[in-house]
Amino acid sequence: MKAILVDNNKNFVVSQVEKPTPKDNEILIKIKAAALNRADLLQKNGTYPSPKGWPQWPGLEVAGIIEDTGSEAKEKSNLKIGDNVCALLGGGGYAEYVCVPYGMVMPMPKNLSFEQAAALPEAYATSYLNLFYEGHLKEGQTAFIPAGASGLASVAIPMAKAFGARVITSVLSSEIAEQIKNLGADVIIDTSSQNVEAVLETEEKNGTPVSVSMDCLCGETLGKSLPFMAEGGYWVVISTLAGTETKIMLRPLLTKGLHLVGSMLRKRPSEEKAILLSELVEKVWPKIESGEMTPSIYKVLPLENANDAIGILERCENIGKVVLQVE
């Protein structure tokens, strides 16, 4: 089968690899579409390899058709051969086939294309995990989700809104702010002319402090913003794209009882991910099927054009998800 491997020059190359055979607890998926994530960039550059037991090539979320099942998967899963599904992976999505533990495979929401469904598992699981499990977000609270133009924010902002939260986000320019208005954020901070911490201070004074932040940027802004959080608030660090260091004032952390949490979905065991995904199907899929939430797709490219696709992420051009189509 075809798969996209990384060569010695850190380029994606179309390669021939052995087609996998499902183990007892696995489902074999014929991949129709695979969505890109920033973790794929790190893997391409050699700094974020697939976890043990997963294929060495990138790809964390796919949609496709079940082609085969192992004996345990056949007995314990409600899914069957021929079903349209999407799946969360530890790696291996940039290919024609992948084997996945049955607990990490979900039925596709009704009325979605394979390309739309491929954009669900990683981004939706990451958003749900960090907003509701790690951040304990509740209806009526305010969430801060920076990097509003990212593929992840295109999911997290509508998700938080669908569950009754007020949402603040940040972008790099007024042009980008205009482009993401459809996501529904209540406040869009234009960092070319505004300071995040100043806006969050104003929000606190107005009685709408941030209770939860799902932060993929961090850097200096994290430490400057923490003092203006709500009592007992959760600042969840999921990446450090804007810097790995910050200065934290400990007094507000102590007096407000704040929580600074580090969270990585990829490192969690399959059993823990399976519980999370079952809750996605139960609580989030109905909101997608009703139209309350819609996957945001920026561009669809053929699998063979993986270098062009990852280039879009490298240049930060996309607003929404980039997806590879697998013929």
Side-chain angles (χ1 to χ4, degrees), residues 38 126-127 130-131 134-138 140-161 165-263 296 313-320:
R38 290 207 164 268
T126 297
S127 298
N130 294 303
L131 290 174
E134 299 291 2
H136 305 274
L137 182 64
K138 295 178 176 60
Q141 290 184 334
T142 297
F144 175 47
I145 303 169
S150 67
L152 186 58
S154 73
V155 170
I157 293 171
M159 181 181 290
K161 292 294 295 180
R166 185 171 179 275
V167 177
I168 303 170
T169 191
S170 62
V171 295
L172 295 174
S173 69
S174 58
E175 291 80 10
I176 298 174
E178 190 66 30
Q179 291 172 333
I180 70 159
K181 278 186 175 180
N182 65 304
L183 297 179
D186 298 276
V187 178
I188 302 175
I189 303 171
D190 172 7
T191 58
S192 68
S193 59
Q194 297 174 289
N195 291 324
V196 169
E197 61 271 20
V199 175
L200 298 190
E201 181 179 14
T202 299
E203 291 289 326
E204 183 188 34
K205 289 177 179 177
N206 291 340
T208 51
V210 170
S211 293
V212 179
S213 174
M214 190 182 87
D215 190 1
C216 65
L217 297 179
C218 296
E220 293 182 0
T221 300
L222 191 165
K224 292 177 180 179
S225 300
L226 267 179
F228 309 116
M229 291 196 77
E231 295 274 344
Y234 290 80
W235 197 288
V236 184
V237 174
I238 64 170
S239 190
T240 54
L241 298 176
T244 58
E245 296 183 1
T246 194
K247 181 179 179 180
I248 293 177
M249 302 298 291
L250 296 179
R251 192 67 184 171
L253 194 75
L254 173 65
T255 58
K256 287 188 172 183
L258 303 179
H259 304 80
L260 182 59
V261 182
S263 176
S296 177
L313 269 66
E314 288 174 325
R315 296 185 297 272
C316 299
E317 294 175 356
N318 59 304
I319 296 175

Which atom pair, heavy atoms only, marks the closest approach of [X] to [Y]?
X: S154; Y: G320; answer: OG-CA, 3.8 Å
X: P158; Y: A153; answer: CD-O, 3.8 Å
X: M229; Y: E204; answer: O-OE2, 3.8 Å
X: E231; Y: T255; answer: OE1-O, 3.9 Å
X: A147; Y: L217; answer: N-CD1, 4.0 Å
X: A156; Y: S127; answer: CB-OG, 3.4 Å

Without swapping roles, check the side chain of [X] against the backbone of [Y] for a donor-acceptor pair under 3.5 Å.
X: T169; Y: I145; value: yes
X: S263; Y: I238; value: no
X: S211; Y: G233; value: no

Measure up the H259 and Y234 rings against each other and bin them: parallel (under 30°), tilted (30 to 60°), perpendicular (over 60°). parallel
Does Q141 have any side-chain hydrogen bond (donor to acceptor under 3.5 Å, both in side chains) partners at least two apart in sequence or in another chain, and if so, which? none
List in chain and number order the residues that pass side-chain hydrogen bond (donor to acceptor under 3.5 Å, both in side chains) with T142, two or more places apart in sequence or in another chain; answer none if no residue qualifies.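 Not a single residue meets the side-chain hydrogen bond (donor to acceptor under 3.5 Å, both in side chains) criterion with T142.
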Could you give the distance from [atom1] ([X]) to [atom2] ([Y]), rounded to the nearest 0.5 Å?
X: M159; Y: L131; atom1: CE; atom2: CG; result: 7.0 Å
X: N130; Y: L137; atom1: CG; atom2: CG; result: 11.5 Å
X: K224; Y: K247; atom1: NZ; atom2: NZ; result: 10.0 Å
X: I157; Y: I188; atom1: CD1; atom2: CD1; result: 7.5 Å
X: R38; Y: C216; atom1: CZ; atom2: SG; result: 8.0 Å

Compare all side-chain heavy atoms of S170 with those of F144 and state whether any distance is below 4.5 angstrom.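 Counting from C-beta outward, S170 and F144 do come under 4.5 Å.
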Walk me through whether L152 and M214 qualify under side chain to side chain contact (heavy atoms under 4.5 Å, CB included). CA-CA 10 Å; L152 186 58; M214 190 182 87; 3.7 Å; yes
Pairing donors with acceptors under 3.5 angstrom, does anything connect the side chains of E197 and S225?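 Per modelled atom types, E197 and S225 side chains form no pair under 3.5 Å.
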For V237, run the side chain to side chain contact (heavy atoms under 4.5 Å, CB included) check against L222, V261, T246 and tell me which one passes. L222
Set out, in order, the CA-CA distance, both residues' side-chain angles and the distance that settles side chain to side chain contact (heavy atoms under 4.5 Å, CB included) for W235 and L258, then state yes or no. CA-CA 8 Å; W235 197 288; L258 303 179; over 6 Å; no
What pairs of donor and acceptor atoms, side-chain ones from residues 174-186 against any protein atom, are under 3.5 angstrom apart with sequence neighbours left out?
from : atom 1 : to   : atom 2 : distance (Å)
E175 : OE1    : S173 : OG     : 3.3
E178 : OE1    : K181 : NZ     : 3.2
D186 : OD1    : K161 : NZ     : 3.1
D186 : OD2    : K161 : NZ     : 2.9
D186 : OD2    : V167 : N      : 2.9

Over 12 foreign heavy atoms within 6.0 Å of CD, E220: no
